[in-house]
Amino acid sequence: MLESMRPVRHALAVAVGILMLAASACATSPTATTPQRAPVLTTASASSAAGVVATITTCEGTAVSTPSRYILACADGGLILDGLRWSAWGAPTANATGSLWENNCTPDCAMGHYIRYPASTTVSALANGRYTRLRVDAPQAPGGPFDYTIGPHGPQ
């Protein structure tokens with residue numbers, strides 16, 4: 001009878017050993033006792049001295065850093081910034097140069113064509129690592145400059 005119990009006792013001893021090893025590893029692991037931040041993809045210019053990454057919220061509600069393209073008209077995409085090259089991202093105010101593309105809606109918005117205007121963009125009002133104001137200056141575009149508040153669902 002003892003001979004037939006040997007495989008069961010061996011398996012039980014191995015299982016207990018594995019559990020003790022796992023418990024020991026968890027007790028000494030820094031992630032078990034120290035909360036860790038989720039990894040954030042950044043560029044070198046996006047990090048501030050405190051390690052917080054400055055972001056701006058898109059129309060989809062996604063926080064992005066140093067976007068090269070940013071939609072201003074969330075409903076129909078009729079106003080878009082593109083080719084943005086940023087300086088001082090992460091500072092209280094960051095600036096970019098690029099293009100403003102505007103749908104001329106002629107004869108209507110579905111059939112309209114996009115017109116490109118050289119533009120400079122400034123983001124500001126950095127609060128809790130998120131820019132909350134955006135200004136687009138495109139001197140050749142009608143109706144500018146354009147000022148936006150950046151909310152949880154992008155520009156408003």
Side-chain angles (χ1 to χ4, degrees), residues 15 18-156:
I18 290 171
L19 287 174
M20 289 177 63
L21 184 61
S24 170
C26 286
T28 60
S29 169
T31 58
T33 58
T34 307
Q36 300 291 315
R37 286 190 175 173
V40 177
L41 298 176
T42 67
T43 61
S45 64
S47 298
S48 69
V52 175
V53 177
T55 61
I56 189 168
T57 308
T58 66
C59 295
E60 295 82 21
T62 304
V64 297
S65 185
T66 62
S68 62
R69 182 180 188 122
Y70 191 76
I71 297 174
L72 297 170
C74 293
D76 64 2
L79 200 58
I80 301 168
L81 291 168
D82 193 34
L84 296 173
R85 292 172 307 282
W86 293 96
S87 64
W89 188 271
T93 300
N95 300 297
T97 57
S99 299
L100 174 69
W101 290 86
E102 182 177 27
N103 185 343
N104 66 2
C105 293
T106 303
D108 57 49
C109 292
M111 301 278 297
H113 299 282
Y114 281 86
I115 300 171
R116 180 190 167 278
Y117 303 101
S120 60
T121 302
T122 302
V123 291
S124 60
L126 187 60
N128 298 317
R130 184 172 67 90
Y131 289 109
T132 59
R133 303 284 303 154
L134 182 141
R135 181 178 182 94
V136 178
D137 187 23
Q140 299 169 4
F146 306 95
D147 291 302
Y148 296 89
T149 298
I150 309 300
H153 298 287
Q156 302 167 358

Sequence neighbours left out, what pairs pass disulfide (SG to SG under 2.5 Å) with at least one residue falling in residues 114-156?
->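 Counting only pairs at least two positions apart or across chains, no disulfide (SG to SG under 2.5 Å) contact touches residues 114-156.
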
Open item on the list: Under the disulfide (SG to SG under 2.5 Å) definition, can you give me all pairs with a residue in residues 122-156, not counting sequence neighbours?
Closed with: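 The answer is none; no pair qualifies.
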
| Under 3.5 Å, is there a donor-acceptor pair linking the side chains of Thr58 and Glu60? |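 Glu60 and Thr58 do have a side-chain donor-acceptor pair below 3.5 Å.
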
Checklist line | Trp89 side chain to Ala54 backbone, donor-acceptor under 3.5 Å | finding: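 Side chain of Trp89 to backbone of Ala54: a pair is present.
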
Check: Any idea which heavy atoms bring Thr132 and Ala125 closest together, and the distance?
Finding: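 Where Thr132 meets Ala125 most closely, the heavy atoms are OG1-O, 2.7 Å.
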
ask   = Are Tyr70 and Asp82 close enough, and set up right, to give a side-chain contact (heavy atoms from CB on, under 4.5 Å), and what steps lead you there?
value = CA-CA 7 Å; Tyr70 191 76; Asp82 193 34; over 6 Å; no

If you look only at distance, which donor and acceptor atoms sit under 3.5 Å apart when one is on a side chain in residues 143-156 and the other is two or more places apart or in another chain?
unit_1, atom_1, unit_2, atom_2, d
Asp147, OD1, Arg135, NH1, 2.8
Asp147, OD2, Arg135, NH1, 2.8
Thr149, OG1, Arg133, NH1, 2.6

Note to self: Under the rule for side-chain hydrogen bond (donor to acceptor under 3.5 Å, both in side chains), what residues qualify as partners of Arg85, not counting sequence neighbours?
What the structure shows: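 Counting only residues at least two positions away or on another chain, Arg85 forms a side-chain hydrogen bond (donor to acceptor under 3.5 Å, both in side chains) with Thr97.
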
>> Under the rule for side-chain hydrogen bond (donor to acceptor under 3.5 Å, both in side chains), what residues qualify as partners of Asp76, not counting sequence neighbours?
In response: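 Asp76: no side-chain hydrogen bond (donor to acceptor under 3.5 Å, both in side chains) contacts found.
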
*asked:* Run Leu72 and Val136 through side-chain contact (heavy atoms from CB on, under 4.5 Å) and show every step you take.
replied: CA-CA 10 Å; Leu72 297 170; Val136 178; 4.0 Å; yes

(Q) Which residues pass the side chain to side chain contact (heavy atoms under 4.5 Å, CB included) test with Ser68, not counting sequence neighbours? (A)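 Testing Ser68 for side chain to side chain contact (heavy atoms under 4.5 Å, CB included), a comparison that skips the adjacent residues, returns none.
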
message = Could you check whether any side-chain heavy atom of Val64 comes within less than 4.5 Å of a side-chain heavy atom of Ile56, counting everything from C-beta outward?
response =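 They are in contact (side-chain heavy atoms under 4.5 Å apart), so the answer is yes.
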
Checklist entry - Between Leu100 and Ile80, is any pair of side-chain heavy atoms under 4.5 Å apart? => result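 No; the side chains remain at least 4.5 Å from each other.
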
Once side chain to side chain donor-acceptor pair (under 3.5 Å) is applied, what residue pairs with a partner in residues 117-131 remain, sequence neighbours excluded?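 Every side chain to side chain donor-acceptor pair (under 3.5 Å) pair that includes a residue of residues 117-131, provided the two are not neighbours, is Asn95-Thr122.
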
Please tabulate, for the side chains in residues 105-116, all donor-acceptor contacts under 3.5 angstrom to protein atoms that are two or more places apart in sequence or on a different chain.
unit_1, atom_1, unit_2, atom_2, d
Thr106, OG1, Asn104, O, 3.1
Asp108, OD1, Ala110, N, 3.0
Asp108, OD1, Met111, N, 2.8
Tyr114, OH, Gly77, O, 2.8
Arg116, NE, Ser99, OG, 3.0
Arg116, NH2, Ser99, OG, 3.3

Practice item. Any pair with a residue in residues 88-103 that passes salt bridge (charged side-chain N to carboxylate O under 4.0 Å, His left out), sequence neighbours left out, goes on the list, sorted by first then second residue, please. Key: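 Not a single pair qualifies under salt bridge (charged side-chain N to carboxylate O under 4.0 Å, His left out).
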
